[in-house]
Amino acid sequence: MSTTIAPVATIQLPSASRVLHASWCPDKDLVVVISRAAHQEKMILYKMQGGKKWEVVIQPSNVGKVQTEVTGVAWSPDVQSIAVVSNPAMVTIHSIQNGAVERSIPITDDRRIELKGVWWFREEKKVIGNGLPDIFKRGDNITGSAHAILKGLPLLDPIQDDTKPLTSSELFAFQGARNKTVQQATLPDSILGWPALPLDLAASSIASNKPDAQTTVPEAEDEADDTNVNSILAVADSLGFLRLFLEGSYPLGMVLTQRKTFSRSLYKLRDHFFSHTGPSSPLSDGAVGLLPHVVQSPYLTGRHLRDVARVSSSARDLLGYTIRVVKDMREAWFGSEAQVGARDLGPKWIQSLEARQSSAFGQEEPFALLDLTCLLTTGRTSESLMDFLGSAEHMSDRSIQKWDTVMCDTLIRLRDLSEKRVAPACQRLHLLLQDVQGWAALPQYAVCNFKPADIEACLEYTATAIFQASWLASFARKELLRFKEFMKWIRYETARANATGDQHNTRPQHDILEVNEYLASSLVVSPIDKWFMGPGARINREGLGVPSENASIKTAIAKARAALDHWDQTVQNDVKPRDLSHVERNLDALVHTLAGRCQQMFEEASKAAARSAIRVAGWEAAPTDVPDNPGPDGGSSSSVPLIRERTVEDGSKPDSFLQYLAIRPPHDGGRSYLCIARLEQGLGALTSVPAVEVSVLECCTLEEGSEEPQPFDLLDVDFFDSELLVMVYRLKDQKTACIATTGYANLIYHAIPSHEYVTGTTRERLMGDVLGRVRSGEVSTGGLAETIIQSRTLSGSWAGGVSLAVNGRAGRRVSCVLDSGGVTLEVVDMAGEAEEAEEAESGVEAQ
């Protein structure tokens with residue numbers, strides 16, 4: 001038999017491995033292999049020719065070192081990421097470029113659950129009009145919305161990324177920003193658990209500082225790739241729930257299909273999910289219901305879902321940005337393990353002065369501030385202070401210059417970060433929350449459960465953060481002025497203390513009032529501490545002199561006229577500044593409180609799709625006997641049914657699809673069959689009796705030199721494309737295995753009375769019914785020998801069972817077969833050139 005099946009490579013795997021149904025990359029010559037080493041499972045990406053591209057360990061980061069098990073993989077619609085589900089329950093998204101974890105989604109649940117399957121559905125985009133692009137379209141932004149306004153604002157400065165490699169100038173810098181140990185930026189739990197779409201800093205009006213090593217290389221850099229937009233990642237667990245994620249990141253909540261089962265297959269049609277569920281046993285393929293459970297989530301189809309998700313994501317980015325900036329400000333002021341805090345320099349200088357007064361001059365209770373104030377106001381100094389100012393240990397030019405540099409740089413940093421980063425970020429957050437405030441009044445967003453009181457509280461916290469950041473910038477600017485005057489005075493007095501008789505005293509240039517204010521209020525304990533200490537309460541605006549928002553315009557005009565009528569008295573009145581020392585202003589605690597409140601609000605809104613879910617159809621399958629243990633050959637033993645499926649859209653009927661089942665019933669070693677079932681399903685089939693058609697083929701083949709069909713053991717089978725099946729078989733009493741293609745689209749299908757299958761019959765019962773009809777002669781059988789198109793003998797010995805993975809897309813058309821030991825993986829090209837196939841065959845015979 002002539003064949004175009006050509007062997008490509010035989011890969012020797014380092015340890016026992018397995019391939020999954022979705023191991024092949026849809027549009028690239030790449031295959032994923034799951035390998036186990038000790039208690040860890042590794043995901044290895046191989047090129048079709050056998051070269052290893054990368055290898056990563058699948059290990060949950062939140063539970064330490066435990067035994068993990070990968071249960072499924074799914075490729076993103078743009079084929080740039082791989083979703084991996086594993087147990088303990090964890091969903092990780094890996095980059096196809098290097099296998100790095102792009103994001104991790106821990107599954108938290110009080111109940112003991114296991115993840116069983118994963119699917120990633122592309123959005124069904126509709127072509128409106130003549131298919132030409134809309135030149136007036138502005139993406140997803142609605143004119144006047146918060147995102148439309150943010151798009152026109154300048155981007156906020158990026159945050160320094162500690163994951164970038166150090167340059168030589170940064171590595172050897174004196175107390176530089178990057179000469180400390182590289183640590184992963186820590187964010188509070190409210191930010192880590194915040195529902196958000198994949199990172200898009202530009203939409204949040206933040207400049208990106210992404211390392212070059214993690215940038216993707218899209219096929220068209222000029223156009224934004226929107227393949228993943230509005231895609232749905234669905235994860236099935238052992239309790240019967242589907243956990244949905246928008247674009248593989250934004251959680252949409254849990255949708256129940258059937259309790260204590262899990263979805264073996266899933267098909268999405270707009271806002272409907274068709275799930276075939278079965279027991280959690282690994283060998284219970286036959287107990288899967290023949291008809292699907294149908295769940296509808298109407299909230300998935302509108303734009304409201306994505307609008308809320310985008311606002312939630314941008315709010316998370318802005319608050320995460322704000323928290324990190326405030327953390328940098330706190331470390332600059334109070335210090336950290338890698339740098340000295342500017343706040344501690346003044347108290348340490350005072351402590352050194354008092355220690356010298358106590359040790360060298362015998363003062364029992366030294367009070368350095370009194371001596372400094374006396375020196376400032378009278379020009380007279382005590383003996384101990386004169387000695388301290390003239391000492392080279394504490395008053396050298398180098399130590400004074402370091403104090404001046406660190407303090408000035410820190411105050412400038414506090415001023416700039418507050419004024420140019422924290423306040424603008426909170427202003428942008430305020431715009432987003434105003435959008436949410438408007439949605440709370442609309443019936444379209446009622447399912448999001450936005451509470452006006454919570455939104456108002458978040459807006460108030462945001463306004464307070466804007467005020468406190470501006471207040472901090474103003475105070476840091478004033479503190480900087482006072483500190484510079486203080487350093488002028490210190491240098492002047494040091495020069496006086498070290499002057500000899502021949503030297504003339506320099507003229508003082510400091511402002512005595514500013515120096516006195518710094519001595520009294522900032523040298524030992526600075527008011528800036530209050531922006532990082534104490535409770536983060538909202539500010540009473542009336543206590544600051546801000547008029548109440550309830551005041552009417554009429555009252556304000558009357559107050560202004562009264563002031564004009566008595567302008568002379570108003571000018572002469574002694575207006576005293578308000579005492580604001582009692583006002584709490586902890587900006588650090590405030591932004592954490594704001595993040596917690598916003599996270600709770602958006603987390604509740606993210607479950608709107610699950611709350612809107614409606615169970616359209618459900619079936620209670622009759623109980624069946626499920627084998628407890630596999631046979632000697634694992635899951636491919638003849639005593640265990642082998643079932644593969646394929647779901648395709650039915651072009652002849654709207655809102656319908658066809659499900660093909662390839663079933664090899666269990667047998668006792670004698671005659672075996674391959675049953676191909678075709679079922680009509682979809683929304684149209686819910687109101688009528690679905691059609692069930694079967695075609696039964698006997699497992700036998702014609703070998704060269706033999707006129708009688710030879711029976712074989714069907715080891716594995718899978719659907720290749722819309723017309724072909726790929727199967728791996730082994731002739732009786734032989735160790736070599738063959739891979740072959742056979743057609744299923746043009747078979748003769750026999751209709752089965754389907755009224756018996758409406759009430760939840762399982763696939764196993766369908767198999768029993770079909771075999772009974774075969775024995776009674778109601779259904780005729782054919783031979784696989786007549787339908788096999790081409791076949792090729794696999795190299796090596798293939799004792800026991802095998803695992804098969806295929807990719808029948810145009811331009812790929814490859815398969816791989818893994819032996820029972822999981823250490824030999826043979827890759828074959830199912831559509832190779834005839835010459836290549838002949839050369840490969842002759843090479844195998846020569847060997």
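Just so you know, these numbers use all the heavy atoms, side chains as well, and skip hydrogens, waters and symmetry mates.
Side-chain atoms of Asn586 come within 3.5 Å of backbone N or O of Gly534 as a donor-acceptor pair. Without hydrogens or angle criteria, Ser205 side chain to Pro154 main chain gives a donor-acceptor distance under 3.5 Å. Under a 3.5 Å cut-off, the side chain of Arg103 and the backbone N or O of Val101 do not form any donor-acceptor pair. Within the 3.5 Å criterion, the main-chain N or O of Phe450 finds no donor-acceptor partner in the side chain of Glu604. Within the 3.5 Å criterion, the main-chain N or O of Glu603 finds a donor-acceptor partner in the side chain of Ser606. Proximity of a side-chain donor or acceptor of Ser312 to a complementary backbone N or O of Ala196 within less than 3.5 Å is not detected. Between the side chain of Ser313 and the backbone N or O of Leu197, at least one donor-acceptor pair lies under 3.5 Å. Side chain of Arg330 to backbone of Phe532: a donor-acceptor contact under 3.5 angstrom is found. For Asp371 (side chain) and Ser382 (main-chain N/O), no donor-acceptor pair under 3.5 Å exists by modelled atom type.
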In sequence, state the C-alpha distance, the side-chain angles, and the governing distance for Arg415 and Glu479, and then conclude on salt bridge (charged side-chain N to carboxylate O under 4.0 Å, His left out).
-> CA-CA 10 Å; Arg415 180 197 66 192; Glu479 189 83 349; over 6 Å; no

Would you sort out whether Leu594 and Cys458 count as a side-chain contact (heavy atoms from CB on, under 4.5 Å), showing the intermediate values?
-> CA-CA 6 Å; Leu594 174 60; Cys458 292; 4.2 Å; yes

Apply the test side-chain contact (heavy atoms from CB on, under 4.5 Å) to residues Phe388 and Ser352: give CA-CA distance (whole Å), side-chain angles for both, the deciding distance (0.1 Å), then the verdict.
-> CA-CA 9 Å; Phe388 184 81; Ser352 300; 4.2 Å; yes

Would Asp529 and Arg343 count as a side-chain contact (heavy atoms from CB on, under 4.5 Å) if you check the C-alpha gap in whole Å, the side-chain angles of each, and the deciding distance to 0.1 Å?
-> CA-CA 8 Å; Asp529 294 352; Arg343 172 189 181 274; 2.6 Å; yes

How far apart are the C-alpha atoms of Phe483 and Tyr518, what are their side-chain angles, what is the distance that settles it, and do they pass the ring pair (Phe, Tyr, Trp, His ring centres under 6.0 Å) test?
-> CA-CA 7 Å; Phe483 176 76; Tyr518 187 80; 5.7 Å; yes

Stepwise side-chain contact (heavy atoms from CB on, under 4.5 Å) test for Phe361 and Asp387 | CA-CA 10 Å; Phe361 295 91; Asp387 179 75; 3.6 Å; yes

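Ring geometry for Phe475 versus Trp531: interplanar angle of 30 to 60°, hence tilted.
One distance of note links CZ of Phe245 with CD1 of Ile105; it measures 4.5 Å at 0.5 Å rounding. For the atom pair Asp344 CG and Gln351 CD, the distance stands at 9.0 Å (nearest 0.5 Å). With values rounded to the nearest 0.5 angstrom, Ile191 atom CD1 is found 4.0 Å from Ile323 atom CD1. Atom CE of Met386 sits about 5.0 Å away from atom OG1 of Thr381, to the nearest 0.5 Å. Rounding to the nearest 0.5 Å places CD1 of Ile490 at 7.0 Å from CD1 of Ile400. Here the CH2 atom belonging to Trp489 is positioned 14.5 Å from the CD atom belonging to Glu514, to the nearest 0.5 angstrom.
A heavy-atom distance below 4.5 Å is not found between the side chains of Pro158 and Ser208. Residues Arg428 and Leu156 form a side-chain contact, since some pair of their non-hydrogen atoms from C-beta on lies under 4.5 Å apart. Within the 4.5 Å cutoff, the side chain of Met533 has heavy atoms near those of the Phe334 side chain. Proximity of Leu150 to Ser204: side-chain heavy atoms (C-beta onward) are nowhere separated by under 4.5 Å. Side-chain contact between Val326 and Leu590 is absent, with no heavy-atom pair separated by less than 4.5 Å. A 4.5 Å side-chain heavy-atom check between Ser86 and Thr92 finds every atom pair outside the cut-off. No side-chain heavy atom of Val340 sits less than 4.5 Å from a side-chain heavy atom of Val406. Within the 4.5 Å cutoff, side-chain heavy atoms of Val308 are placed close to those of Tyr250.
A donor-acceptor contact closer than 3.5 angstrom links the side chains of Arg491 and Gln401. A side-chain N or O of Ser384 and one of Gln357 form a donor-acceptor pair less than 3.5 Å apart. For the residue pair Asp454/Gln600, the side-chain donor-acceptor check at 3.5 Å is not satisfied. Side-chain contact annotation: Thr410 with Trp333, donor-acceptor N/O pair under 3.5 Å absent. For Gln40 and Gln67, the side-chain atoms include no donor-acceptor pair closer than 3.5 Å. Checked by atom type, the side-chain pair Ser314/His147 shows a donor-acceptor distance below 3.5 Å.
For Cys426 against Thr462, the heavy-atom pair with the smallest separation is O-CG2, 3.1 Å. Shortest non-hydrogen contact noted between Leu472 and Ser418 is CD2-OG, 3.1 Å. Between Ile350 and Ala368, the shortest heavy-atom distance links the atoms CG2-CB, 4.2 Å. Ser104 and Met90 get closest at one heavy-atom pair: OG-SD, 3.0 Å. Listed here is the closest heavy atom pair of Cys598 and Trp194: CB-CH2, 3.3 Å. Of all non-hydrogen atoms in Gln599 and Ser190, the two that sit nearest each other are CG-O, 3.0 Å.
A salt bridge is defined here as a Lys NZ or Arg NE, NH1 or NH2 lying under 4.0 Å from an Asp or Glu carboxylate O, and Arg482 with Glu485 fails to meet this definition. Under 4.0 Å is where a charged nitrogen must lie from a carboxylate oxygen, and between Lys420 and Asp157 no such pair does.
The aromatic ring centroids of Phe486 and Trp403 lie less than 6.0 Å from each other.
Crowding of Lys484 atom NZ: a count of heavy atoms from other residues, nucleotides or ligands under 6.0 Å not exceeding 12.
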